[in-house]
Protein chains: 2
Amino acid sequence: MKNNKATIHDISRSLGIDSSTVSRALNGSDRVKDKTKELINKKAEELGYRKNIMARNLRMNRTFTIGVIVPRIDRHFFAKLIAGIEETAFNLNYEVIIAQSLDSLEREKKLLANMLNNRVDGLLISTTMETISYDHFDAYKDENSPIIFVDRPNKIGYNSNVIINDQETSLNATQHLIDNGYKNIVHFAGPQEVDLYKLRLAGYKAALEKNGIEFNEDYVIESRLMQEDGEKMAKQILELPNVDAVFAANDHAAIGAMKRLKEQGVKIPEDIAFMGFSDEPISEYIEPGLSTVKQPATLMGKEATSLLIGQIENKSGDIVHTKILDAELIVRNSTKKITA
Amino acid sequence: MKNNKATIHDISRSLGIDSSTVSRALNGSDRVKDKTKELINKKAEELGYRKNIMARNLRMNRTFTIGVIVPRIDRHFFAKLIAGIEETAFNLNYEVIIAQSLDSLEREKKLLANMLNNRVDGLLISTTMETISYDHFDAYKDENSPIIFVDRPNKIGYNSNVIINDQETSLNATQHLIDNGYKNIVHFAGPQEVDLYKLRLAGYKAALEKNGIEFNEDYVIESRLMQEDGEKMAKQILELPNVDAVFAANDHAAIGAMKRLKEQGVKIPEDIAFMGFSDEPISEYIEPGLSTVKQPATLMGKEATSLLIGQIENKSGDIVHTKILDAELIVRNSTKKITA
DNA sequence: ATAATTCATACAATCGATTGTATTGCATGT
DNA sequence: ACATGCAATACAATCGATTGTATGAATTAT
């Protein structure tokens, strides 16, 4: 077990060339003669030299690392997102540090501090549902490192966002239900402190209005949109009069409700149609297939990462930018047209 | 934008206390008087001091970071695995650097070099299907940093493994088919260069032998086990005589085949039963539900991480250890008992 | 009262690379 | 032949923390 000790100083010593020259040679500076470079590179190879990133980081005050904080890594959307992030970061020679907040604000705060401590060059974050104030991001203001909110946008003055157009997409999704003959549409809303869920509700409302359908407050049921919430809400909509469709702010809630309703003999979509949001992998496979909105998760990760690294390297300070990507309406059997 | 410059030297200067004492105080050393510690901590707080991890890393020659390389982050098993890794690492105050090989050996090599360059304190890796020689791990021998193979075990002399017992589990899965009355069982095998798929085939064979069923070479079909492979194999098994069940080395292949067969009017499980492997999320939702083997992915991540960090911190050098976790047989309708 | 011990802190080297400035030697122009 | 300029390399400071050793003061033992 040789201790892999070779440093530029070892090369320097064994060649009688100053370590500054060695450093420049290894970095391809044109201040070093080609012949000398060759010598140095050969010796480096020979000694199994490997640059000490920690020393470079300290001196350059950079880490070539970006931090990523998401609620849960194993949620499909975030796994896709991270896959996109990693791919782009790899291509641009950055490392990716990952952490999950587990949807806990307290943990998010800790992770944020961690990321600061670890001197990431930039941060990508998708905040928890609990995150409704942003004081804990203040520390970032004092750094010069950029921060981008993904999926759950914010404006805290010095950040960028990469999102989809939740309102417009929700309008389209609701419109699709209306186009297919559904009129009494319940909305499974998410926590209204979260911007994105507010927008989805707004899109739903806008669609109703656009089609001259009166908005009924009782038709909006708010929850955290877990599958279990969906199961509970199934009961509630059976007690409402005339409901013929549901637009859920995510797939999980829709799937939970569908499951419970099917058990009770309700036919989908004949009795009640369902439109989800997110395109979970299972949504394609349940019976009937769940119509939904597909978020371009991997693309969002890629876009966010190149935006972030662009900001890191331009250091143009306060580029604030909001990138809106298109979401795609996926039509399956849960919203089949009513053939009266 | 204050440049957040405070270092131990700033504290040292403004307090007239040597920086070494400041350092010790901030690290809670008992070589500093409590009263002095208080002073220092107060001043640190006041100056918004934040330890420079890069300097510490350089000096201590450690990063408190573990590297993770998996084929794809957005594959369910790996997302779960990583979630477990991150959680444990967080609790033990380690950071996690993530990279995906995209099942390319070439990329795996690059990532491995990257991880070395970044001086991770230890490495968790699940190798690609292409990885059948291990020369590129040699560089790790020269480091003193431990490496653990997860899910796809290896013995390269200086590593540990965290795996499930693929052979035994496969035996049980096959036995379950046999117990339910199936006798002519096809095996969808994975690439036989990969140990794990070799073991699954071995388990299948062992089950046959144990039950006095003759092994038929034609009943083993090898592929890379993508869903499309499953669809192709559906045709092949229809051309074989008497097939009444399939044991697939992963769920994807099983699902592909089931889909194609259903289209052709084959009844599952009445005509052909299916047993998968991995418990993909969709396996619960397809019709019929796919019986399968559930790998404890999150637990594997946790176990691997605490094992790894244990090795890092004990530095007991060459602890080689193989941890075998239990997989669980999940019985659904695709293997329903034959009621003659 | 003095030597021995302990306690609290200061001193100074170190980790390995980067980078602004200084120096040397050589070629070029006149 | 001599000043000028440039090419190539050397010198030395620096990034911010850690840590072994030295020092001085305070406490204890004898």
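Quick note on labels: first sequence line is chain A, next is B, and so on, each numbered from 1. These values consider heavy atoms only, across backbone and side chains, with no hydrogens, waters or symmetry-generated copies.
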Point to revise | Neighbours of DNA chain C within residues 20-27 of chain B, by heavy-atom distance under 4.0 Å | key: S20(B), T21(B), R24(B)
Check your understanding: With sugar-phosphate meaning primed atoms plus P, OP1 and OP2, does I17(B) contact a base, only sugar-phosphate, or nothing at under 4.0 Å between heavy atoms?
Key -> sugar-phosphate
Check your understanding: What's the closest nucleotide to the M60(B) side chain, out of dC15(C), dT19(D), dC11(D)?
Key -> dT19(D)
**Study point:** R13(A) and D18(A) ion-paired at < 4.0 Å
**Key:** no
Review point. Less than 3.5 Å between a donor and an acceptor, one on the side chain of R31(B) and one on the base of dT6(C), is that the case here?
Key: no
Review point. Does the dT14(C) base have a donor-acceptor partner in the side chain of R56(B) within less than 3.5 Å?
Key: no
**Study point:** Carboxylate-amine/guanidinium contact E46(A) K43(A), below 4.0 Å
**Key:** yes
Check your understanding: Do the ring planes of F149(B) and Y134(B) sit parallel (below 30°), tilted (30 to 60°) or perpendicular (above 60°)?
Key -> perpendicular
Practice item. Ignoring the backbone of K33(B), work out which of dA8(C), dC11(D), dA10(C) is nearest its side chain. Key: dA8(C)
Exercise for review: Please tell me which of D30(B) and I53(A) maps to the more 5' nucleotide of DNA chain C, matching each residue to the nucleotide holding its nearest heavy atom.
Suggested key: D30(B)
Exercise for review: Could you say whether V32(A) or S19(A) is positioned toward the 5' end of DNA chain D, judged by the nucleotide with the nearest heavy atom to each?
Suggested key: V32(A)
Exercise for review: Starting from C1' on dT14(D), measure out to NE2 on H9(A) and report it in whole angstrom.
Suggested key: 12 Å
Review point. When you measure from the side chain of I8(A), which nucleotide among dG16(D), dT9(D), dA17(C) comes out closest?
Key: dA17(C)
Check your understanding: Below 4.0 angstrom, N of the basic side chain to O of the carboxylate: do R107(A) and E86(B) qualify?
Key -> yes
Check your understanding: What distance do D195(B) atom CG and I132(B) atom CD1 have between them, rounded to the nearest 0.5 Å?
Key -> 11.0 Å
Check your understanding: Hey, are K35(A) and E38(A) close enough for a salt bridge, meaning a charged N less than 4.0 Å from a carboxylate O?
Key -> no
**Study point:** With D138(A) via side chain to side chain contact (heavy atoms under 4.5 Å, CB included) - residues at least two apart
**Key:** D135(A), K141(A)
Check your understanding: Which nucleotide in the list dA17(C), dT9(C), dT9(D) gets nearest to the side chain of Y49(A)?
Key -> dA17(C)
Check your understanding: Picking from dC11(C), dT9(C), dA17(D), which would you name as closest to the side chain of D18(B)?
Key -> dC11(C)
Exercise for review: Using a 4.0 Å heavy-atom cut-off across all strands, classify N61(B) as base, sugar-phosphate, or nothing.
Suggested key: nothing
